[in-house]
Amino acid sequence: MGKKTRIRLGDVIMDAVVEEHPTFPADVTNKPVEKGEDISDHMKTKPFTVKLSGSMVDDAPAKLKQLRDYQKDSTLLTYVGRGIYSNVVITGLDTKHSIKNAKGFDYDITLQHVKVVVPQTFKISVKNPKTKKQDKKTASKVKRKTNEGRKQVKRK
């Protein structure tokens, strides 16, 4: 008999996932023209979301605490179920505590993809195009590195 894959969100083993609903939205720009229909010239994808519905039974209080901590701390997670979704955070956590699941709870969880970017730094060598050497005159035309962000330049 083959090894069973456990459905999990981060380190939390999901006892029962009844529904897994991924959505991959995008925005399309529409431009009106004088006569006829709007034209579209650009599309931009938005972060995907995954909605999970199911029940927790085994060690439910500890699992609920862990899920709440994940959401509170904005922890980047990987969900492994029918699909595999990495770099997601919990944006919605709704629980139902009823007599039908007295020792556990039913849940609706919304996950959203987060694009992680890593800033890069690099050194620029400023050289005079004629002499191929760095000199003060050429280097003085390059703005020094700051943390001030973008500023408007006053024109004379």
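We use all heavy atoms of the structure for the numbers below, so side chains are in, but hydrogens, waters and symmetry mates are not.
- Note that CD1 of Ile90 is 8.0 Å distant from OG1 of Thr75, once rounded to the nearest 0.5 Å.
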Apply side-chain contact (heavy atoms from CB on, under 4.5 Å) to residues Thr95 and Asp106 and explain how you reach the verdict. CA-CA 6 Å; Thr95 59; Asp106 297 330; over 6 Å; no
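- Both Leu111 and Phe24 sit in one connected hydrophobic cluster of ILVMFWY residues. Membership requires side-chain heavy atoms under 4.5 Å apart, directly or through other members.
- Side chain to side chain, His42 and Ser40 fail the donor-acceptor criterion of an N or O pair below 3.5 Å.
- Applying the side chain to side chain donor-acceptor pair (under 3.5 Å) rule to Thr110 yields no partners; only residues at least two apart in sequence or on another chain are considered.
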Let me see the working for Val114 and Leu76 under side-chain contact (heavy atoms from CB on, under 4.5 Å), right down to the final yes or no. CA-CA 8 Å; Val114 177; Leu76 278 178; 4.0 Å; yes
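- There is a side-chain donor-acceptor pair under 3.5 Å between Thr29 and Asp41.
- Residue Gly104 comes nearest to Ala60 through the heavy atom pair CA-CB, 3.6 Å, listed as atom of the first residue, atom of the second, then distance.
- Hydrophobic clustering, with ILVMFWY side chains joined whenever heavy atoms are under 4.5 angstrom apart, keeps Leu67 apart from Val89.
- For the atom pair NZ (Lys72) and CG (Leu93), the distance works out to 13.5 Å, reported to the nearest 0.5 Å.
- With salt bridges taken as basic N to acidic carboxylate O contacts below 4.0 Å, one links Asp108 and Lys96.
- Counting non-hydrogen atoms of neighbouring residues, nucleotides and ligands closer than 6.0 angstrom, the CG atom of Asp11 reaches no more than 12 such neighbours.
- Under a hydrophobic clustering in which Ile, Leu, Val, Met, Phe, Trp and Tyr are joined whenever their side-chain heavy atoms come within less than 4.5 Å, directly or via other members, Tyr70 and Ile7 fall into the same cluster.
- The CD1 atom of Ile13 lies 4.5 Å from the CZ atom of Arg8; values are rounded to the nearest 0.5 Å.
- For Asp15, the salt bridge (Lys or Arg N to Asp or Glu O under 4.0 Å) test picks out Lys63, with sequence neighbours left out.
- Residues Pro25 and Thr23 have side chains in contact (heavy-atom distance under 4.5 Å, counting atoms from C-beta outward).
- Under the 4.5 Å side-chain criterion, counting only non-hydrogen atoms from C-beta, Ile109 is not in contact with Lys51.
- The NE2 atom of His21 lies 11.0 Å from the CG atom of Leu52; values are rounded to the nearest 0.5 Å.
- Summarising the geometry, atom CD1 belonging to Ile99 is positioned 13.5 Å from atom NE2 belonging to His97; distances are rounded to the nearest 0.5 Å.
- Of the inter-residue distances, the one linking Tyr107 atom OH with Ser55 atom OG reads 7.0 Å to the nearest 0.5 angstrom.
- By the 4.5 Å heavy-atom criterion applied to side chains, Leu64 and Phe105 are counted as neighbours.
- Using cut-offs of 30° and 60° for the angle between ring planes, the Phe48 and His113 rings count as parallel.
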Check the pair Tyr85 / Glu20 against side-chain contact (heavy atoms from CB on, under 4.5 Å), numbers first and verdict last. CA-CA 11 Å; Tyr85 304 98; Glu20 187 178 299; 3.8 Å; yes
